[in-house]
Amino acid sequence: MATYQLLHDWNVTPAEAVALQQQLRHQIQIQPLTKPVETIAGCDISFNKFEETVYAGIVVLRLETLEVIEEVGVISSATFPYIPGLLSFREIPSLLEAWSKLKTEPDVVMFDGQGIAHPRRIGIASHGGLFLNRPTFGCAKSVLVGKYDEPAPERGNWTPMRHYGEVIGAALRTKNKVNPVYVSPGHLIDLETAISLTLQCDGGRRGYGYRIPEPTRLTHNLVNALRRGERSPD
DNA sequence: GCGACAG
DNA sequence: ATCTTGTCGC
């Protein structure tokens, strides 16, 4: 079973959450990978509007072939509300429950959200990286903070996202003439590597291609099936 | 003060 | 995030 470090309690108020982020942000390390990546995991949650029950899941893939190595899902509950800038406090607790069920120890984890492309430089991917103590990065479908110039329309092109003068991520085109995804390092990885991994996880390199990279796309399908009762938490 | 605002 | 069919464009 995969393990993680519980760096702090999750039962906090929004104000306490912000204080924790200010404290934790200094522990985040943006650097090149120290080990080659063989497996990559995607994680996501799903839920019915107005309900506290959440369906969390993680899918582990072999980077080279994008074949699924393992899938885990859990039905849990989230009490913390969705507040822009505090997404990790709503999603990470249940994702950690799913993580505990993994037999495999993913080399790197892709999150559905931001890494350091966050007002306090600690989005869900960075926060999760500290708990998991391994390389993580975010691949979001929309922007939280930062500005960027539109990247060229062909797959593979990207432009830097800037916030207060700092390069915090990239607007990356994963498919021709389709809206870009927003990639940013989470922890123990750098922007260039996060971009490279995102492109390697995109089926586009093999003909069939979706805007959302496979780890996140497949996990999204998994948790939605769980929510609809089309699959069980095994 | 006004508007923006990951999922 | 979720609720949902058709439809415009390449």
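Within every chain, numbering begins at 1; the chains are lettered A, B, ... in the order of the sequence lines, protein sequences first and strands thereafter. Just so you know, these numbers come straight off a predicted model, no measurement behind them. Basis for what follows: all heavy atoms, side chains included, without hydrogens, waters or symmetry-related copies.
Using a 4.0 Å heavy-atom cutoff across all strands shown, A/Asp44 reaches sugar-phosphate atoms only and no base atom. Base engagement by A/Gly85 is indicated by at least one non-hydrogen atom pair under 4.0 Å involving a base atom. Using a 4.0 Å heavy-atom criterion, one finds that A/Val145 contacts no nucleic acid atom at all. Contact annotation for A/Ile124: base contact, defined as any heavy-atom pair under 4.0 Å involving a base atom. Among the protein residues, A/Ile92 comes within range of no part of the nucleic acid, since none of its heavy atoms lies under 4.0 Å from any strand.
Listed for the A/Thr174 side chain is a donor-acceptor partner under 3.5 Å among the backbone atoms of A/Arg211. Side-chain atoms of A/Arg173 come within 3.5 Å of backbone atoms of A/Pro151 as a donor-acceptor pair (strictly under, hydrogens ignored). Distance alone, capped at 3.5 Å, is enough to place a donor-acceptor pair between the A/His187 side chain and the A/Gln29 backbone.
Between the CE atom of A/Met161 and the C1' atom of B/dA4 there is a distance of 14 Å, rounded to whole Å.
Using a 4.0 Å cutoff to heavy atoms of chain A, the contacted part of DNA chain C runs 5' to 3' from C/dA1 to C/dC10.
An OP1 or OP2 oxygen of B/dG7 is reached within less than 4.0 angstrom by a side-chain nitrogen or oxygen of A/Ser142. The phosphate of B/dA6 has OP1 or OP2 within less than 4.0 Å of a side-chain N or O from A/Tyr82.
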